[in-house]
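Here the structure is laid out as structure tokens; the discussion comes afterwards.
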2 protein chains.
Amino acid sequence: MNEFNEYFKSAFTVDNIIFGFDEGDLKVLLINRGEEPYKGKWALPGYFVYPNEDLDTAAKRVLEELTGLQNVYLEQVRTFGAVSRHPFGRVITVAYFSLIKISHYNIQPSSIAKKAKWHSVSQVEDLAFDHKEILGACFNRLKWLVRSRPVGFELLPPKFTLTELQHLYEAILETELDKRNFRKKILSMNLLIDLDETQEGVAHRPARLYKFDKEKYEKFLAEGFSFELKESKKKEKKPRKKVRANLA
Amino acid sequence: MNEFNEYFKSAFTVDNIIFGFDEGDLKVLLINRGEEPYKGKWALPGYFVYPNEDLDTAAKRVLEELTGLQNVYLEQVRTFGAVSRHPFGRVITVAYFSLIKISHYNIQPSSIAKKAKWHSVSQVEDLAFDHKEILGACFNRLKWLVRSRPVGFELLPPKFTLTELQHLYEAILETELDKRNFRKKILSMNLLIDLDETQEGVAHRPARLYKFDKEKYEKFLAEGFSFELKESKKKEKKPRKKVRANLA
DNA sequence: TGGAATTAGTGTAAACTGTACACTAGCTTT
DNA sequence: AAAGCTAGTGTACAGTTTACACTAATTCCA
């Protein structure tokens, strides 16, 4: 297999876009570049893939070195490999994103982590390389994902209010949602556990706290449910005969 | 930038899964491997990415060498890079798929193309490497895609009947569809041009022929319409005030 | 040549889902 | 005790999806 290394000798990396949610805003962790090219610019966290390391493993390593976090939601998005995307040579990058609970994030002692800072996704401009495009692709995938599966919880603290959850969806989808319809829909998934607790220290009526029923969700997944946000656990109303599937 | 080539020196390839539609069945073009490893097994078409070649370009090259076709629908799906996916060394592969009109395909004179053969997607078993998994990922993406955008036409000849179109959707979605509902939905997209022609040489009532209105579709896309299959061109019924977006 | 065979083509009603919309409840602050 | 703030709740209408069965047009064959 000596043709290996003849055709492709360039650098191979992963970028791991780290999303968080804070102050009602979707955030992304960016690194201030300390070296050329693009010295001083903000860039997405990433690193080379080691020869004996799977891609997912490399992405997790990037995350952990930056945040100390493990067991985090991770999604591969797309691979960017335009010939001239790096001015110093050919670099091919597999883009991932991670969803973390920003409250669990502690700045790490590594030199790279010290250069990291949260930015509002909506205000990011002018990143190094083609990182703006990569961020856009990841953000779009996240938008799609949040409509398809209950991943929003990955970004919230374990206990949250429905209003917080709604603000999260609004931040990701970049739209306003109707409060009553949102609650109806979310509660109809039957994946929230009402903790029978309320907020404390707020200067108004305190809201109920909920947590995500991860066990139930994973049971559903294991049973092969596709689990769109659409699906509602209805109680066997009129079981009308269904012989054929239909579109959309 | 001498760190290049220190971390990652392995092979970098694209696979391009070529889908076609024939005899009411979704087909995939597979190559019979003439060499180790997996000699004699069926495999997905793919090749190394050249150093000065974009990923999409490499995928198009793979397609063209095999089929002679250009300007074909191409979609990047996912990158496969498990350490041990190739027994002879580290190989990272970006998986693409292409949708071609099988009637336009002519066997090419190259030696590789002579080893290519169409297989029913539903009957594929036991491919080389992790190609079964790659095929599965591409097929799933195609399923999603066909519900989101009118790409099915890429797989049909320029003139087709509604029944042919329905069979295509059924093959991709692996389900039966209701004839009347399917027609209603497809026609409500307003993207089919009724050619005022009918089939010839069939032993029953001939069906009307349609073609896909590509110009109209591209105009919509350019205007930023998301264009889900769901969208129907309704004629401004009761324009009820809408102040807020809602979920799903 | 007429009837059998085959596929094309068509509408409606009921169920379900999505959307718009406004008031009361409960807590804190002054 | 009133003002300020956010939580929490239901209903009606519009739109979409689904189930379902007969007539129409052509060829084939006896």
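Please read all numbers here as calculations on a predicted model, not as lab measurements. Chain letters run A, B, ... following the sequence lines, proteins first, then strands; residues in each count from 1. The figures here come from the full heavy-atom set of this structure, side chains too, leaving out hydrogens, waters and symmetry mates.
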Using atom [atom1] of [X] as one end and atom [atom2] of [N] as the other, report the distance to the nearest whole Å.
X       : N       : atom1 : atom2 : answer
R208(A) : dA25(C) : CZ    : C1'   : 13 Å
K185(B) : dG11(C) : NZ    : P     : 19 Å
F182(A) : dA7(D)  : CZ    : P     : 12 Å
D178(A) : dG10(D) : CG    : C1'   : 12 Å
L165(A) : dA7(D)  : CG    : C1'   : 15 Å
D196(A) : dG8(D)  : CG    : P     : 12 Å
L177(B) : dT17(D) : CG    : C1'   : 13 Å

Check: Any donor-acceptor pair under 3.5 Å between the side chain of K184(A) and the base of dT11(D)?
Finding: yes
Next item on the list: Test side chain to side chain donor-acceptor pair (under 3.5 Å) on H167(A) and E170(A) and set out the steps.
Entry: CA-CA 5 Å; H167(A) 289 334; E170(A) 288 176 337; 3.3 Å; yes
Notebook entry, point to check: When the nearest nucleotide of DNA chain D is assigned to Q199(A) and to R180(A) on a heavy-atom basis, which residue is associated with the more 5' position?
Noted result: Q199(A)
Which nucleotide sits closest to the side chain of [X]: [options]?
X       : options                  : value
H204(A) : dC5(D), dT29(C), dG9(C)  : dC5(D)
R183(B) : dT6(D), dT10(C), dC21(C) : dT10(C)
P206(A) : dA7(D), dC27(C), dA20(C) : dC27(C)

Check: Any side-chain donor paired with an acceptor under 3.5 Å for T163(B) and R183(B)?
Finding: yes
Margin query: Just so I know, are the side chains of R141(A) and F97(A) near enough to count as touching, which here means a heavy-atom distance under 4.5 Å?
Written below: yes
